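Notes follow once the structure below has been shown.
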Number of protein chains: 2
Amino acid sequence: MARSSLYQQVAAEVRRAIYAGELAPGDQIPTEADLMEAHGVSRNTVRLALGELENEGLILRMRRRGTFVRERRPLLMRPQDEFVRLDQGVPRFDAFVHAVTAEGRSADQRIEVSIVEPPEDVATRLALADGGLAVVRRRLRFVDGQPYNTLDSYFPLDLVADSEISRPGDITRGANRVLEELGHPQVRAVDDISARMPTSDESLRLQLEPGTPVVIYVRVGYDAEDTPVRVAVSVLPADKHLIRYELERH
Amino acid sequence: MARSSLYQQVAAEVRRAIYAGELAPGDQIPTEADLMEAHGVSRNTVRLALGELENEGLILRMRRRGTFVRERRPLLMRPQDEFVRLDQGVPRFDAFVHAVTAEGRSADQRIEVSIVEPPEDVATRLALADGGLAVVRRRLRFVDGQPYNTLDSYFPLDLVADSEISRPGDITRGANRVLEELGHPQVRAVDDISARMPTSDESLRLQLEPGTPVVIYVRVGYDAEDTPVRVAVSVLPADKHLIRYELERH
């Protein structure tokens, strides 16, 4: 097992305190001398650790004033809006692109389309027969040029084989619209939210720093016959995302 | 910084593989000999590591057959149900107790009531004036005798000072019912869901194993005047909880 180097351990401890809220945005972080003493390490090690946290956008080093926890603005996701907007007939933007550009940041994504035997939990959710195939549209999304999250959307191959969904490239009007045109508008969705530590593959793909959990957000969309027609799996680095639902008593 | 011992490091690596799904429920985990070789450690270290995972309920050691990843059933939370059930006039159970006993497990909780100056983010959400006070009802919840999650509910002191909410002990009909009786039924709620690594305090209180993230679920309840009357902060160990929302197109 790879053991992390000394500076990474110091960085991990400060990072943990920031994510845990013990150090809040705007707070000054301990001085180099304090960190040297607390961890029994050299000034050089402390500087490497702080350099790492600066690269991650967690802290801001200001000449003469000290080092501060940076304001982080997690991307606010509103799964309900996205679902409602599906059939409003207005030109719709990708919900992610919309949320990002609304904050004045730049959004970008890479899409890969392939035909696969999906992971078992996805196959179950799509009610596929044994060995049944799905089209998966895998997105890796970027904010300001940094990898930000992934969204893998699975569709039963039987349903979408002859449509744009199974062809490479972006679908301007959205894959959900294509499902409608195929006679399978999604009228109901079940959203499951959980969290865990990332797989090594996810860490690599999303360039995660050690100690960053991911939120797993899975939406299953059902058509009017209650047939599952889409399973969307999002992997959201926990430090960069907030999911919000609003409920009203009717 | 405390460095974890060798057996804890081996345990952490197997735990990570389980949480990440690389080792799925029912899978046999590598033999002692395999683990000794993979980590360059003694048999005794491997046994200590497996003992730890067994204690956590992650694995099952079966004589002669080997060691397997245990089926875990995360507690399914349905925040919408809880909100709807609020005013159905039927004798209502605590949603947590209900979910747990429905699975044939035993639920228990410890409640502490105190008057505090709440953390800044809670004060902001409750729209309290500077230095404003809140009553907090802190719950530590147990399933089958094990600490499972926490739920801290904050109420503006002005609102609830003379009610059962500010007195110690359980409220059989629920604090939300008391809010209704005080003329502040919650008609709208905003749920924010995020995740992070636990604070050391949370790790201790919830007896978390290293490497277990927590889901932070915050509900703000608003009355008919759109005044925030309750902020409920749940800390949910990520390996033991799943949050589900259902959406319908109207």
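The sequence lines fix the lettering, A, B, ..., with proteins before strands; numbering per chain opens at 1. Keep in mind that what you see is a predicted model, and the values were worked out from it rather than measured.
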- Task: Quick one: do B/Asp223 and B/Gln186 satisfy side chain to side chain donor-acceptor pair (under 3.5 Å)? Show the steps, please.
- Result: CA-CA 4 Å; B/Asp223 70 9; B/Gln186 295 163 73; over 6 Å; no
Would you mind checking if A/Arg188 and B/Glu248 are paired as a salt bridge, meaning a charged N to carboxylate O distance below 4.0 Å?
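Answer for the salt bridge query: no.
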State the CE-OG distance between B/Met77 and B/Ser234, to the nearest 0.5 angstrom.
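If I round to the nearest 0.5 Å, the distance is 5.5 Å.
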CG of A/Leu236 to OH of A/Tyr217: how many Å apart, nearest 0.5 Å?
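Between atom CG of A/Leu236 and atom OH of A/Tyr217 there are 9.0 Å.
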*What option among B/Ala24, B/Pro185, B/Ala238 has the most heavy-atom pairs under 4.5 Å with chain A?*
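That would be B/Ala238.
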Please walk me through it: do A/Arg141 and A/Thr150 pass side chain to side chain donor-acceptor pair (under 3.5 Å)?
CA-CA 6 Å; A/Arg141 292 152 147 189; A/Thr150 63; over 6 Å; no
**Item:** Per-residue contacts, residues 192-203 of chain B versus chain A, heavy atoms under 4.5 Å
**Value:**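 The list, in residue order, reads B/Asp192, B/Ile193, B/Ser194, B/Ala195, B/Arg196, B/Met197, B/Pro198, B/Thr199, B/Ser200.
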For [X], is it the side chain, the backbone, both, or neither that has a heavy atom closer than 4.5 Å to a heavy atom of chain A?
X        : result
B/Val190 : both
B/Arg16  : side chain
B/Glu246 : both

For A/Ala11 versus A/Ala49, what's the shortest heavy-atom pair and its separation?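 Heavy atoms of A/Ala11 and A/Ala49 come nearest at N-CB, 3.7 Å.
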Query - Over 12 non-hydrogen atoms of neighbours within 6.0 angstrom of CD in B/Gln28 - result: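 More than 12 within 6.0 Å, yes.
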Can you label the angle between the B/Tyr148 ring and the B/Phe96 ring as parallel, tilted or perpendicular, going by 30° and 60°?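 Tilted: the ring planes of B/Tyr148 and B/Phe96 meet at 30° to 60°.
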